[in-house]
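Presented below is the structure to which this report refers.
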Amino acid sequence: MIYEGNLAALKENHDDLYKNIDNEEIDDSAFVSQARNGQKIMVFSKDNKEIYLNSKYNPESEAEKYLMEIKDMPEKSILTLFGLSNGDFVKQAIKYTNDEVLIIVYEPSKSIFMQAIKHIDLTDILTEKRVIVVVEGLNSQKYEVAMNLNLHSYNKLTNRHIALPKYTEIFVEQYNDFAYRTQELYENLGMVSNTFLGSGIKVCKNNILNMKYLSGCRSASDFVGVFPDDMPAIVVSAGPSLSKNKHLLKEAKGKALIVVVDTAIPHVMSMGVEPDMVVTADFEKPLKHFHSEGLNKIPFVVSADSNIEVLDYVKPEQVVFCAADSMLWANVFEKAGSEICMLDGGGSVATVAIATLISWGIKRLILIGQDLTFTGGSMHIGEEVSEYDFSTGHYAYVKGINGEDLITRKDYLSYLRWIENKAYIHSEIEFIDATEGGALKANTKTMTFKDAIDSYCTKEFDVKNIIDSVPRLFLDKDKRIVEEALITMKANLKNLKRRLSEGALECHKGSLMLSQGDYNVSQLKKIHTTIEKLNDYILQSDERVLLNKLDATSENEFEEDVYLKDEDEIKESIRLFHKCEKYYKSMVEACPKLVELVDQCLEEMSQ
């Protein structure tokens, strides 16, 4: 009955694990024993020794003492436990932490997991919605997927990563790999944060000025389900191996949706192949990639963040907006009878292309030129040999498709992991790596591009007609929607600036009163009420995301330790008053800068 109950809970809440244990044999490296108090405990055999993973006397009490440090974990934090054991540590973690803490359990042994679900009632763990269970060899990819979804700048200082007793001694190699993968995730977060900190002003400018290209555009959301299920999509990237097979694209023309990333445009069009779509997503992509004759005739897939200078230079006749993260964009698309969504773009133009095609419902993705490693000493086709210095910490080794060790940059490693994770999550899509070089990609099928064409590009499609069938937006009377939204934004910013200034003053008063000890409770309550109302107003503001882009440093500083708390309540209140005052002042300074961009866009739209 125990096993059946656990299986039912797995099927309902952890389907990826449930599907993979049907044929899993239980070896004798782990077994369940009994503590002196009658509780079931886990034992593991290694090197002819029996190692108890729980106390032989009172395992529940042991778990309570072992996890005392997690009692103060703030909300929105992540707790990872390396090891499941008999489940007592996880149950204690659930008991100790608030409902806003995510718990990820990583069990490195299939044997331990199978013995546990066979003999120990784990239903209270398996049915807890904030617990994610990962078992190496069964659903290992789930760890990175879960971490990527929940790791943010605001919780990176409050998360806890704990190995259960004996686990680091028994599973040395697995723990080292787990620790390395965890460190890699934090490094990726740091790279994204640093990029954003250095680019906020440029990204905000793109977000506003790109609105002048909304007239006659299409929304990526309107492409969902448009392409036939049997039509493959080919994503062409600019890795060094593209030189091996770019000539074969002619054979696939009209038999697949050919999507070319910006850096690969000149290499593809020089072969006489006209892409069905090109994608450019970088906020400052150089113009050197956009000189090909006739490029303005090809549909451009872009995001609100994409470099405005590219659109101004090419002036494409067809623009498809694939993503935006501000309410300004969401509202205008809604008023035009469509929508635009946020997109987990993965950080590169190729991953943006892949994410967009996934959202459209494409069932088969063929990747070429997606090396993600130094091939012949360079990262891109046509580039000179690059030098790399491992002492900088910016490089790593990955396995190539032939099992060789290859060098890659850390940012490219993050793109590789993103592709592997997406292929894992979207098992309904066939990911085919036809790069013919570079990094081995988990969860994809490796084959030559020629074989991929012969196998899957066998049917003719009127690709242009399919694209043209998707309606254009912001035409005729709807042209006014964008202009009216920008004019409204200017008025909103004026009001927001006033309220932020008042909020900063209230914060200053509050911190001053507390510092001097000269206050009464009713005064402080009034200040707190003012701040709470202001914070709600900011959260509902359509302009908030754009203002935060303009002053990304202040936003990052505000988020980074907002959930850390001082045990002294007075000191904690003063700290939060100071943080809010600084944040409000930075947004006050950003408001007129955003107004200037809005005025510029309105002027250029009228020309």
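Among all heavy-atom pairs drawn from L126 and N6, the shortest one is CD1-O, 3.7 Å. A pairwise comparison of heavy atoms in M42 and S85 identifies CE-O, 3.7 Å as the closest pair. The minimum heavy-atom distance between C580 and C507, with the atom names listed, is CB-SG, 3.6 Å. Between A423 and A442, the closest heavy-atom pair is CB-O, 4.4 Å. When all heavy atoms are compared, the tightest approach of A233 to I362 is CB-CG2, 3.8 Å. Here the closest non-hydrogen pair linking G38 and Q34 is O-NE2, 3.2 Å.
Checked by atom type, the side-chain pair E62/N54 shows no donor-acceptor distance below 3.5 Å. A donor atom on one side chain and an acceptor atom on the other are not found under 3.5 Å apart for S359 and T356. Side-chain contact annotation: T408 with T373, donor-acceptor N/O pair under 3.5 Å absent. Between the side chains of W418 and D344, at least one donor N or O sits under 3.5 Å from an acceptor N or O. In the model, D371 has a side-chain atom that pairs as donor or acceptor with a side-chain atom of S241 under 3.5 Å. The closest side-chain donor-acceptor pair between Q370 and S237 falls under 3.5 angstrom.
Contact check on E144 versus R181 returns a salt bridge, with a Lys/Arg side-chain nitrogen under 4.0 Å from an Asp/Glu carboxylate oxygen. With salt bridges taken as basic N to acidic carboxylate O contacts below 4.0 Å, one links E128 and R130. A salt bridge links K76 and E100; the closest N-O separation between the charged side-chain nitrogens and carboxylate oxygens is under 4.0 Å. The pair D451-K445 fails the salt-bridge criterion, with no side-chain N (NZ, NE, NH1 or NH2) lying under 4.0 Å from an Asp/Glu carboxylate O. Under a 4.0 Å N-O distance rule, the pair K11/D15 does not qualify as a salt bridge. Salt-bridge check for E428 with K363: failed, with every basic side-chain N at 4.0 Å or more from each acidic carboxylate O. Between D121 and K40 there is no salt bridge, since no side-chain nitrogen of the basic residue lies less than 4.0 Å from a carboxylate oxygen of the acidic one. A salt bridge links R417 and E184; the closest N-O separation between the charged side-chain nitrogens and carboxylate oxygens is under 4.0 Å. With respect to the salt-bridge test (charged N to carboxylate O, under 4.0 angstrom), the residues R409 and D411 qualify.
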Practice problem: Begin with the C-alpha distance, continue with both residues' side-chain angles, and end with the deciding distance and a verdict on salt bridge (Lys or Arg N to Asp or Glu O under 4.0 Å) for K95 and D124. | Solution: CA-CA 11 Å; K95 178 181 174 183; D124 48 352; over 6 Å; no
Practice problem: Dump the intermediate steps for salt bridge (Lys or Arg N to Asp or Glu O under 4.0 Å) on E136 and K110, then the final yes or no. | Solution: CA-CA 7 Å; E136 190 162 314; K110 288 189 288 186; over 6 Å; no
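A donor-acceptor contact shorter than 3.5 Å links the side chain of S221 to the backbone of E339. A side-chain donor-acceptor contact under 3.5 Å links T444 to the backbone of K441. Although no hydrogens or angles enter the test, the distance criterion places a donor-acceptor pair under 3.5 Å between the side chain of N150 and the main chain of A146. A donor-acceptor contact shorter than 3.5 Å is absent between the side chain of S455 and the backbone of A452. Side-chain atoms of S303 come within 3.5 Å of backbone N or O of D305 as a donor-acceptor pair. Although no hydrogens or angles enter the test, the distance criterion places a donor-acceptor pair under 3.5 Å between the side chain of N58 and the main chain of S61. At least one donor-acceptor pair closer than 3.5 Å links the side chain of N159 to the backbone N or O of N155.
In this structure, H152 and Y154 have parallel ring planes: the angle between them is below the 30° cut-off, well short of the 60° mark. By the 30° and 60° cut-offs, the orientation of the rings of W360 relative to F223 is parallel.
For F171 and Y167, the ring centers sit closer than 6.0 Å to each other. Taking the six-membered ring for Trp and the full ring otherwise, Y186 and H161 have centroids separated by under 6.0 Å. The distance between the ring centers of F89 and Y66 falls below 6.0 angstrom.
Within a 6.0 Å sphere centred on NZ of K166, other residues, nucleotides and ligands contribute 12 heavy atoms or fewer. For Q540, the CD atom sits in a loose shell: 12 or fewer heavy atoms of surrounding residues, nucleotides or ligands are nearer than 6.0 Å.
Figure legend: K56 and Y52 shown as a cation-pi pair, the cationic atom lying under 6.0 angstrom from the six-membered ring centre and within 45 degrees of its axis.
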